[in-house]
Number of protein chains: 2
Amino acid sequence: MKHTKVIEVLQSDQLLQPVTIKGWVRSFRNDRFIAVNDGSTINNIQCVIEDNTINQEIVDRINIGAAIAVSGTLVESEGKGQRVEIQVSAIEIEGDANPEEVKKTILSPKRHSLEKLREQAHLRVRTNTFGAIMRLRSKLSYAVHDYFQKNDFHYVHTPIITGSDAEGAGEAFKVTNMDLNNIPKDENGNIDHSKDFFGRETNLTVSGQLEGETYAIGLGQIYTFGPTFRAENSNTSRHLAEFWMIEPEIAFCDLDGNMDLAEDFIKYVIQYVLDNCQDDLAFLENRLVQEDKQKPQAERSEMLLRDKLRFVLDNNFKRVSYTEAIEILKNSKPNKKKKFKYPIEEWGADLQSEHERYLVEKHFKCPVILFDYPANIKAFYMRLNEDGKTVRAMDILFPGIGEIVGGSQREERLEVLQEKMAALDIPEEDLWWYLDTRRFGTCTHSGFGLGFERLVLFVTGMSNIRDVIPYPRTPLSAEF
Amino acid sequence: MKHTKVIEVLQSDQLLQPVTIKGWVRSFRNDRFIAVNDGSTINNIQCVIEDNTINQEIVDRINIGAAIAVSGTLVESEGKGQRVEIQVSAIEIEGDANPEEVKKTILSPKRHSLEKLREQAHLRVRTNTFGAIMRLRSKLSYAVHDYFQKNDFHYVHTPIITGSDAEGAGEAFKVTNMDLNNIPKDENGNIDHSKDFFGRETNLTVSGQLEGETYAIGLGQIYTFGPTFRAENSNTSRHLAEFWMIEPEIAFCDLDGNMDLAEDFIKYVIQYVLDNCQDDLAFLENRLVQEDKQKPQAERSEMLLRDKLRFVLDNNFKRVSYTEAIEILKNSKPNKKKKFKYPIEEWGADLQSEHERYLVEKHFKCPVILFDYPANIKAFYMRLNEDGKTVRAMDILFPGIGEIVGGSQREERLEVLQEKMAALDIPEEDLWWYLDTRRFGTCTHSGFGLGFERLVLFVTGMSNIRDVIPYPRTPLSAEF
């Protein structure tokens with residue numbers, strides 16, 4: 001018999017009709033009440049066994065984690081917590097779950113730490129928390145495509161394996177097909193990359209921007225959404241070695257247009273999940289409330305999760321130049337009282353996480369867009385301002401997350417770009433194709449990169465980035 | 001002044017209103033008619049300069065490839081080929097394009113071979129053909145997400161860097177952060193992978209299926225859409241070392257349901273581009289007609305591009321068991337006349353491209369789903385049939401493309417799977433997490449993989465897979 005998804009059954013008005021559902025047992029009380037979940041929603045369907053209708057041999061196999069098919073009649077529920085339930089007429093066990101073995105896993109019905117759940121990342125999606133996170137992640141991804149496609153951006157798959165490390169700064173992973181026990185060498189004893197699969201050194205991409213620019217100068221408006229890699233030895237709750245990045249690039253668009261786009265985009269995807277993921281958000285919100293109860297008052301969140309999301313929608317992001325920000329920081333209490341690990345002494349200092357957090361969480365108390373940074377702390381492709389010392393860069397900083405977007409208006413003037421590359425010892429022959437975009441119909445253009453996992457962190461209220469991607473990749477960890 | 005996209009201007013009813021567009025010069029005739037394209041559509045907007053309204057110095061810089069901003073009045077066109085045009089009042093040059101330098105590139109207005117265009121892959125998106133292909137690719141991608149999201153599938157980002165090569169069969173690229181000039185060795189002289197970034201050997205994924213299965217057994221219905229890699233030395237028009245793959249995985253779904261899903265999915269995305277990409281499809285269709293004129297009658301297409309797409313929509317895919325297919329092939333003319341390079345002699349033979357093409361293009365003349373293949377020519381995770389010698393595999397074969405989908409019902413029985421792995425020397429400790437899905441609530445489940453570029457090939461009518469991805473990665477080639 002064809003089965004129906006639990007999410008549909010829960011919304012159904014077809015009372016007293018026969019129904020079949022399939023899913024996994026989440027709980028079984030009094031040999032009577034089975035809570036079944038099939039992943040379509042965070043909510044379980046309650047299935048009620050009447051006395052002696054089901055063979056005891058079957059009842060004995062209804063254990064937590066087992067896969068079962070339940071047929072019965074949809075009826076109004078007399079119990080609390082659900083509108084409808086299934087009056088069971090037949091149960092089939094699709095796959096058992098031995099209670100003794102389940103006990104050793106995170107499927108067992110007790111509180112497990114997030115660390116423990118990470119060790120069993122292949123099972124954690126079967127918990128309420130990770131089911132909610134991963135459904136939200138999926139919906140957020142779709143919102144990303146939805147936004148750009150509705151605004152006539154073209155999705156571009158920039159290459160993952162790249163021949164250049166211009167942007168990598170030594171933080172790119174190498175990709176090779178060579179036998180590492182027997183690396184081919186040339187007559188001088190150097191590695192002979194011509195013998196490798198691609199006939200050259202290759203790396204995993206650290207950003208699709210440069211290739212994205214070549215497409216924007218032709219297709220007009222493009223975006224990427226793909227995996228990106230950094231071999232950075234950062235064991236923090238905000239860094240992954242493999243993460244997904246969204247990078248729009250727009251021809252005939254300056255930094256103001258870029259900031260407008262980023263703000264509009266972020267608000268759209270947040271509105272989208274508020275509209276489409278109420279149940280999962282409500283669960284995660286409550287999870288945070290419970291978590292906060294364990295914390296001292298001072299560390300508790302000031303806002304509920306959904307209020308925090310609505311706050312972002314209802315307020316303009318505060319746009320502040322780097323120069324203004326330095327003034328604010330210089331005169332701030334923590335700076336004067338030497339509470340910053342890196343005191344702000346003068347214009348030109350690179351901002352650390354502690355400074356960003358002060359600006360966002362203490363001073364402005366809202367998302368902040370910082371722009372016009374000193375040229376020498378930013379990348380070579382950012383457009384030089386008339387002052388000759390700042391570039392048209394912008395970063396968006398979010399409360400609790402820090403930098404969520406980094407973008408800029410690009411340097412569209414060939415000579416200025418060449419000078420900058422020369423000063424930084426970036427060989428022109430490595431980026432001949434990138435420079436061509438400035439040779440043939442160059443134009444004002446801008447773009448940004450948004451780290452997708454940081455967005456998921458913000459929306460789910462989770463605090464470790466390893467908990468918002470199915471199988472996190474971090475230093476010394478690539479299990480599964 | 002704010003500018004308007006060309007696609008909007010071309011559809012506008014705001015006659016006699018001022019308008020500004022920005023884009024690249026595609027042609028300039030008689031010092032009067034400029035065709036401008038901004039990538040939003042394959043169609044150009046014609047901009048007409050009245051005598052002496054534009055400074056000659058500016059007019060001299062209106063060269064093919066230059067980026068310009070044109071302001072003027074939208075008027076009905078008196079010429080053929082367009083409904084509206086812009087009566088120019090002002091032109092600004094955003095970026096020049098030196099005609100002497102343009103001549104050396106594929107931007108120059110003459111026919112360039114596809115090989116030549118590949119060498120300048122950073123510029124080819126500015127040609128009509130590649131603009132059309134890449135817009136179609138973007139729309140097809142969106143249709144993929146649209147289909148699965150509307151059918152309640154959850155998008156899962158399976159890892160790109162993996163710790164296991166169970167599926168790789170030696171065709172996986174290695175990922176490392178070690179200094180290749182100085183590879184760390186242990187006391188026995190073996191490579192010490194514990195010193196590498198992830199503390200173990202790591203590869204680029206060849207498929208997200210196994211991780212996808214762990215998510216389906218929990219979230220119910222999932223799909224992946226991400227890059228996949230094969231270090232296969234195949235220099236053909238159908239293989240890439242880096243390609244994008246779509247892999248749905250569905251709990252409580254058998255092989256029939258899997259075939260239904262694949263067929264429904266393919267028809268949906270084809271219908272989507274027919275509905276949303278008329279102009280680009282019309283252009284590519286005409287391109288093929290022109291190309292065919294250069295060919296001998298026998299090699300020409302029997303159907304126009306869009307008719308071929310509609311044909312797929314209007315006909316059921318023919319479902320044929322491997323055993324039936326072997327009978328058909330054994331008795332076929334080319335087999336009897338020894339025209340096949342690999343003659344079909346008996347049941348159990350692996351099907352080659354020539355056989356697949358015969359079945360699809362000569363015998364059935366429609367898309368074909370072959371199923372129930374011999375176990376020993378298919379992967380370890382496919383469900384063994386009751387006959388003990390075939391597995392619940394299915395491949396979908398398309399005319400001109402060959403295999404576009406490969407899928408199966410998965411072996412959900414722990415012991416059968418373990419036996420199969422033992423027979424193939426796949427260590428259980430490498431896939432302990434995969435086996436766990438069979439230990440805790442295993443269930444009937446199925447899935448398939450669709451090579452996205454092959455779908456784009458089919459929809460665009462292109463014949464080389466390198467021409468449907470922005471920057472193709474193939475043996476000895478990873479430029480850009």
Side-chain angles (χ1 to χ4, degrees), chain A residues 3 22 24 38-40 65-67 94-95 97 107 122 125-126 134-135 138 141-142 145 149 152 154-157 159-161 163 173-177 180 183 191 197-200 202 211 214-215 218-220 227 231 242 244 252 433 436 440-443 470-471 473 475-476 478-480, chain B residues 3 22 24 38-40 65-67 94-95 97 107 122 125-126 134-135 138 141-142 145 149 152 154-157 159-161 163 173-177 180 183 191 197-200 202 211 214-215 218-220 227 231 242 244 252 433 436 440-443 470-471 473 475-476 478-480:
Chain A
H3 64 282
K22 298 184 176 185
W24 295 271
D38 69 355
S40 63
E94 279 242 5
L107 296 177
H122 63 306
V125 76
R126 292 165 71 173
M134 294 308 164
R135 275 187 298 270
S138 169
S141 301
Y142 186 56
H145 287 292
Q149 295 275 343
D152 288 326
H154 310 290
Y155 183 33
V156 176
H157 291 120
I160 309 299
I161 299 174
F173 287 103
K174 299 177 190 74
V175 175
T176 178
N177 194 31
L180 299 186
I183 291 182
I191 298 173
F197 187 90
F198 295 109
R200 61 191 296 165
T202 47
E211 289 91 351
T214 67
Y215 262 57
L219 286 184
E242 173 181 318
W244 285 66
F252 307 111
W433 48 273
D436 265 6
F440 304 108
T442 188
C443 65
Y471 293 102
R473 299 302 183 228
L476 297 180
E479 186 67 86
F480 311 105
Chain B
H3 64 283
K22 298 184 177 185
W24 295 272
D38 70 355
S40 63
E94 279 244 4
L107 296 177
H122 63 306
V125 76
R126 292 166 72 173
M134 295 307 165
R135 275 187 298 270
S138 169
S141 301
Y142 186 57
H145 287 292
Q149 296 275 343
D152 288 325
H154 309 289
Y155 183 32
V156 176
H157 291 119
I160 309 299
I161 298 174
F173 286 102
K174 299 177 190 74
V175 175
T176 178
N177 194 31
L180 299 186
I183 292 182
I191 299 171
F197 187 89
F198 294 108
R200 61 190 296 163
T202 47
E211 290 91 351
T214 67
Y215 261 57
L219 286 185
E242 173 180 318
W244 284 66
F252 307 111
W433 49 273
D436 266 5
F440 305 108
T442 188
C443 65
Y471 293 103
R473 298 303 183 229
L476 298 179
E479 185 68 86
F480 311 103

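Values in this document were obtained by computation on a predicted structure and should not be read as measured data. Note that these values count all heavy atoms, side chains included, but never hydrogens, waters or copies made by symmetry. Each chain gets a letter, A, B and so on, in the order the sequences are listed, and its residues count up from 1.
- Heavy atoms closer than 4.5 Å to chain B are found in the backbone of A/Ala66, but not in its side chain.
- Of the two parts of A/Pro227, only the side chain, counted from C-beta on, holds a non-hydrogen atom closer than 4.5 Å to a non-hydrogen atom of chain B.
- At a 4.5 Å heavy-atom cutoff, the contact between A/Asn177 and chain B is made by backbone and side-chain atoms alike.
- A/Thr214 is linked by a side-chain contact (heavy atoms from CB on, under 4.5 Å) to A/Trp433, A/Thr437, B/His122, B/Tyr471, counting only residues two or more places apart in sequence or in another chain.
- Heavy atoms of B/Leu476 lying under 4.5 Å from chain A belong to its backbone as well as its side chain.
- Both the backbone and the side chain of B/Leu180 have a heavy atom closer than 4.5 Å to some heavy atom of chain A.
- In this structure, chain B has heavy atoms under 4.5 Å from both the backbone and the side chain of A/Glu211.
- Residue A/Ser40 touches chain B through its backbone alone, counting heavy-atom pairs closer than 4.5 Å.
- With A/Arg473 contributing its side chain and B/Ile161 its backbone, the two residues share a donor-acceptor pair below 3.5 Å.
- B/Glu94 contributes no side-chain N or O that, together with a main-chain N or O of A/Phe252, makes up a donor-acceptor pair within less than 3.5 Å.
- Using a distance-only test at 3.5 Å, with no hydrogens or angles considered, a donor-acceptor pair links the side chain of B/Trp24 to the main chain of A/Gly441.
- Applying the ring pair (Phe, Tyr, Trp, His ring centres under 6.0 Å) rule to B/Tyr142 yields no partners; only residues at least two apart in sequence or on another chain are considered.
- With a 4.5 angstrom heavy-atom cutoff, A/Glu479 touches chain B via backbone and side-chain atoms both.
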